[in-house]
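Count residues from 1 along the sequence. Values below: every heavy atom of this structure, side chains too, minus hydrogens, waters and symmetry copies. Predicted model only: the values in this text are computed from it and were never measured.
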Amino acid sequence: MLLRFQVTNHASLLDEQELSLVATDRHPGRAESQIPGGSEAAVPVVAVYGTNASGKSNVIDSIGWMRSAVLSSFRRWDPSGGVPRRPFALGGGAADRPSSFAVDFVVGGVHHQFGFSVDDERVTEEWLYYYPEGRQRRLYERGADDTVTFGRWLTGRRKLIAELLRPNSLYLSVAAAQGHDQLGEVFRWFRTGLRMATDHDFARRLDHTVRLCLEGGGGEGGRPVLDLLRFADLGVSGLEIQDWDESTREDHRRITQALREALGNKVRVQEDSTHRVRVEHRTADGVFPLDLAYESSGTRTWIGLIGPVVTTLAEGGVLCVDELDARLHPYLVDALVGMFQSAETNTTGAQLIFSTHEAALLGRNARTELFRDQIWFTEKDARTLATRLFPLTEFAVRQSGDNLETRYLGGRYGAVPHLDDDLLRDVTAAFRHGGGREAGKVAEADEGRATGAA
């Protein structure tokens with residue numbers, strides 16, 4: 001269960017921004033989860049709205065970067081390569097300021113708080129507290145000189161782990177690698193309790209869906225996957241899963257190696273799924289499989305989401321999705337959000353955090369009702385171009401009386417684009433006087449020169 005997330009100086013998020021999943025209102029039927037040690041509850045769904053380039057994807061990305069730092073800083077970061085962070089790049093001296101991340105979450109039925117700050121070279125601070133019986137107790141604190149101070153509640157080989165600590169690795173990452181039981185439980189929350197779904201990890205998510213199908217063996221274990229495939233009304237009856245032949249694997253390895261030799265080791269190559277996936281379509285003449293590459297982008301997107309969605313709902317945890325509405329029909333997005341929102345479907349305290357443009361989710365025709373403590377907005381500061389993240393609860397809202405979709409699209413809450421009609425009129429005038437045709441000729445000429453050079 002995730003309660004709060006804070007970030008400072010990452011991508012477009014310059015000043016400290018906080019995303020809270022703590023309910024401000026209680027709603028029967030909503031899959032709220034009681035927070036240990038208090039009377040508050042956590043909401044099951046949070047939606048982040050904003051214009052293009054407002055920073056809403058960076059909110060999701062910052063959660064993913066924190067997760068990656070926990071999982072990878074000790075095992076994968078270059079020991080002498082500093083910290084691969086991405087500070088605010090549009091002035092303000094942000095490159096000289098640390099980037100900070102902090103998260104409140106529940107693991108093992110106990111509220112924990114973990115956070116750290118980094119600059120380009122090292123971890124400048126790190127901390128982990130927990131709250132048994134509602135009282136804060138220190139597990140450890142780390143200073144800029146890598147000195148680690150331990151609370152008496154942290155047991156195990158804590159000093160040995162501190163000796164293995166590098167300036168650019170997190171203590172939590174080192175502890176997990178050394179098999180520390182107590183801190184390993186916190187580490188596992190980041191690995192399996194916090195899941196990401198972005199454009200960059202489609203192959204991994206597809207493998208997740210495939211693995212659930214294979215583990216189910218066509219029986220009850222794979223039933224939710226097949227049910228969700230058919231539910232989406234994509235004309236899909238099932239999946240045909242095969243191992244890639246060795247020649248195909250070798251071709252991929254050879255191409256990847258050639259790209260890295262030509263462009264350097266830092267080039268990102270899209271990973272292939274570990275299996276060949278073909279989508280089965282049933283017609284009056286029989287069942288016909290098509291390679292996944294020939295399917296629509298919406299079909300591929302849905303298949304890649306099914307695995308993480310099913311596992312998160314079944315086991316609990318948090319699923320963060322960037323642009324949930326991209327390439328999916330609004331009805332399908334509505335239904336997916338509803339699976340997390342409903343206490344009947346979501347029995348494990350699972351949570352969904354997503355960025356979106358889909359205003360229909362706020363309207364009265366949506367099957368799933370999102371309440372005011374589940375809706376957040378991102379907006380660019382006109383002076384600095386930094387992102388501000390703020391909740392709908394900052395505004396006076398009558399949940400039963402206000403049409404949130406109409407008010408949002410009307411600009412009542414901000415976070416909508418300000419389109420300059422004067423510029424549009426200038427474009428129209430240019431086309432009327434032949435400017436558009438001249439631009440087209442220039443583009444065609446450039447294309448012809450590029451083709452000839454090739």
Quick check for you: to the nearest 0.5 Å, what is the distance between [X] atom [atom1] and [Y] atom [atom2]?
{"X": "Leu389", "Y": "Glu18", "atom1": "CG", "atom2": "CD", "result": "9.0 Å"}
{"X": "Trp65", "Y": "Met196", "atom1": "CH2", "atom2": "CE", "result": "13.5 Å"}
{"X": "Arg211", "Y": "Asp207", "atom1": "CZ", "atom2": "CG", "result": "7.5 Å"}
{"X": "Ser99", "Y": "His10", "atom1": "OG", "atom2": "NE2", "result": "7.5 Å"}
{"X": "Glu32", "Y": "Phe371", "atom1": "CD", "atom2": "CZ", "result": "8.5 Å"}
{"X": "Leu172", "Y": "Tyr140", "atom1": "CG", "atom2": "OH", "result": "4.5 Å"}

Practice item. Begin with the C-alpha distance, continue with both residues' side-chain angles, and end with the deciding distance and a verdict on side chain to side chain contact (heavy atoms under 4.5 Å, CB included) for Leu170 and Phe116. Key: CA-CA 8 Å; Leu170 294 172; Phe116 61 88; 3.7 Å; yes

Donor-acceptor contacts under 3.5 Å from residues 185-192 side chains, at least two apart:
{"residue": "Thr192", "atom": "OG1", "partner": "Arg188", "partner atom": "O", "Å": "2.9"}

Please give me the minimum heavy-atom distance between [X] and [Y], naming the atom from each residue.
{"X": "Val46", "Y": "Ser20", "answer": "CG2-O, 4.2 Å"}
{"X": "Tyr171", "Y": "Leu183", "answer": "CE2-CD1, 3.6 Å"}
{"X": "Arg86", "Y": "Asp61", "answer": "NH2-OD2, 3.1 Å"}
{"X": "Leu292", "Y": "Ile303", "answer": "CD1-CD1, 3.8 Å"}
{"X": "Ser54", "Y": "Thr51", "answer": "OG-O, 2.8 Å"}
{"X": "Leu14", "Y": "Ala386", "answer": "CB-CB, 3.7 Å"}

Salt bridge present between [X] and [Y] (N-O < 4.0 angstrom):
{"X": "Arg327", "Y": "Asp199", "result": "yes"}
{"X": "Arg135", "Y": "Glu133", "result": "no"}
{"X": "Arg142", "Y": "Glu125", "result": "no"}
{"X": "Asp201", "Y": "Arg195", "result": "no"}

Check your understanding: Which pairs, with at least one residue in residues 99-124 and sequence neighbours excluded, count as a salt bridge (Lys or Arg N to Asp or Glu O under 4.0 Å)?
Key ->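 Qualifying pairs, neighbours excluded: Arg85-Asp120, Arg122-Asp146.
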
Do [X] side-chain atoms and [Y] backbone N/O form a donor-acceptor pair below 3.5 Å?
{"X": "Ser117", "Y": "Thr124", "value": "no"}
{"X": "Asp373", "Y": "Ala23", "value": "no"}
{"X": "Asn346", "Y": "Gln341", "value": "no"}
{"X": "Lys380", "Y": "Ala53", "value": "yes"}
{"X": "His112", "Y": "Val110", "value": "yes"}
{"X": "Thr301", "Y": "Ser297", "value": "yes"}
{"X": "Arg205", "Y": "Thr198", "value": "yes"}
{"X": "Gln178", "Y": "Ile161", "value": "no"}
{"X": "Arg158", "Y": "Leu154", "value": "yes"}
{"X": "His208", "Y": "Gly304", "value": "no"}

Check whether the side chains of [X] and [Y] place a donor and an acceptor atom closer than 3.5 Å, and report yes or no.
{"X": "Thr8", "Y": "Ser100", "answer": "no"}
{"X": "Gln136", "Y": "Tyr131", "answer": "yes"}
{"X": "Arg4", "Y": "Gln113", "answer": "no"}

Practice item. Count the heavy atoms of every other residue, nucleotide or ligand shown that sit under 6.0 Å from CG of Asp78, and state whether that count exceeds 12. Key: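 Yes.
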
Check your understanding: More than 12 non-hydrogen atoms from neighbouring residues, nucleotides or ligands closer than 6.0 Å to CZ on Arg137, yes or no?
Key ->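 It does: Arg137 CZ has more than 12 such atoms within range.
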
**Study point:** Any residue meeting side-chain hydrogen bond (donor to acceptor under 3.5 Å, both in side chains) with Ser173, in chain and number order, not counting sequence neighbours
**Key:**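 Ser173: side-chain hydrogen bond (donor to acceptor under 3.5 Å, both in side chains) contacts with Ser73.
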
Practice item. Output, in order, the C-alpha distance, side-chain angles, deciding distance and verdict of side chain to side chain contact (heavy atoms under 4.5 Å, CB included) for Trp77 and Val83. Key: CA-CA 8 Å; Trp77 287 4; Val83 176; 3.9 Å; yes

Find out whether [X] and [Y] are in side-chain contact, i.e. whether some heavy atom of one side chain is under 4.5 Å from a heavy atom of the other.
{"X": "Thr24", "Y": "Gln374", "result": "no"}
{"X": "Ile353", "Y": "Leu21", "result": "yes"}
{"X": "Val103", "Y": "Phe101", "result": "no"}
{"X": "Leu319", "Y": "Thr311", "result": "no"}
{"X": "Val321", "Y": "Leu305", "result": "yes"}
{"X": "Arg152", "Y": "Phe150", "result": "no"}
{"X": "Phe5", "Y": "Ser62", "result": "yes"}
{"X": "Val337", "Y": "Leu324", "result": "yes"}

Point to revise | For Ala366, all residues meeting side-chain contact (heavy atoms from CB on, under 4.5 Å), sequence neighbours excluded | key: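 Counting only residues at least two positions away or on another chain, Ala366 forms a side-chain contact (heavy atoms from CB on, under 4.5 Å) with Asp334.
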
Under 3.5 Å, which donor-acceptor pairs do the side chains of residues 36-44 form with other protein atoms, sequence neighbours left out?
none

Check your understanding: Tell me, which pairs form a ring pair (Phe, Tyr, Trp, His ring centres under 6.0 Å) where one or both residues lie in residues 297-331, sequence neighbours left out?
Key ->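 Pairs touching residues 297-331 that pass the test: His329-Tyr331.
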
Review point. Do the ring planes of Tyr49 and Phe377 sit parallel (below 30°), tilted (30 to 60°) or perpendicular (above 60°)?
Key: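 Geometry flag for Phe377 against Tyr49: tilted rings.
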
Mind checking salt bridge (charged side-chain N to carboxylate O under 4.0 Å, His left out) for [X] and listing every partner two or more places apart, or none if nothing turns up?
{"X": "Arg75", "answer": "none"}
{"X": "Arg157", "answer": "none"}
{"X": "Glu16", "answer": "none"}
{"X": "Arg138", "answer": "Glu141"}

**Study point:** Pairs flagged by side-chain hydrogen bond (donor to acceptor under 3.5 Å, both in side chains) wherever residues 348-363 is involved - sequence neighbours left out
**Key:**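 Matches after skipping sequence neighbours: Asn52-His357, Lys56-His357, Asp322-Ser355, Asp325-Thr356.
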
Point to revise | side-chain hydrogen bond (donor to acceptor under 3.5 Å, both in side chains) partners of residues 385-395, not counting sequence neighbours, each pair once | key: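 Every side-chain hydrogen bond (donor to acceptor under 3.5 Å, both in side chains) pair that includes a residue of residues 385-395, provided the two are not neighbours, is Ser12-Thr387.
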
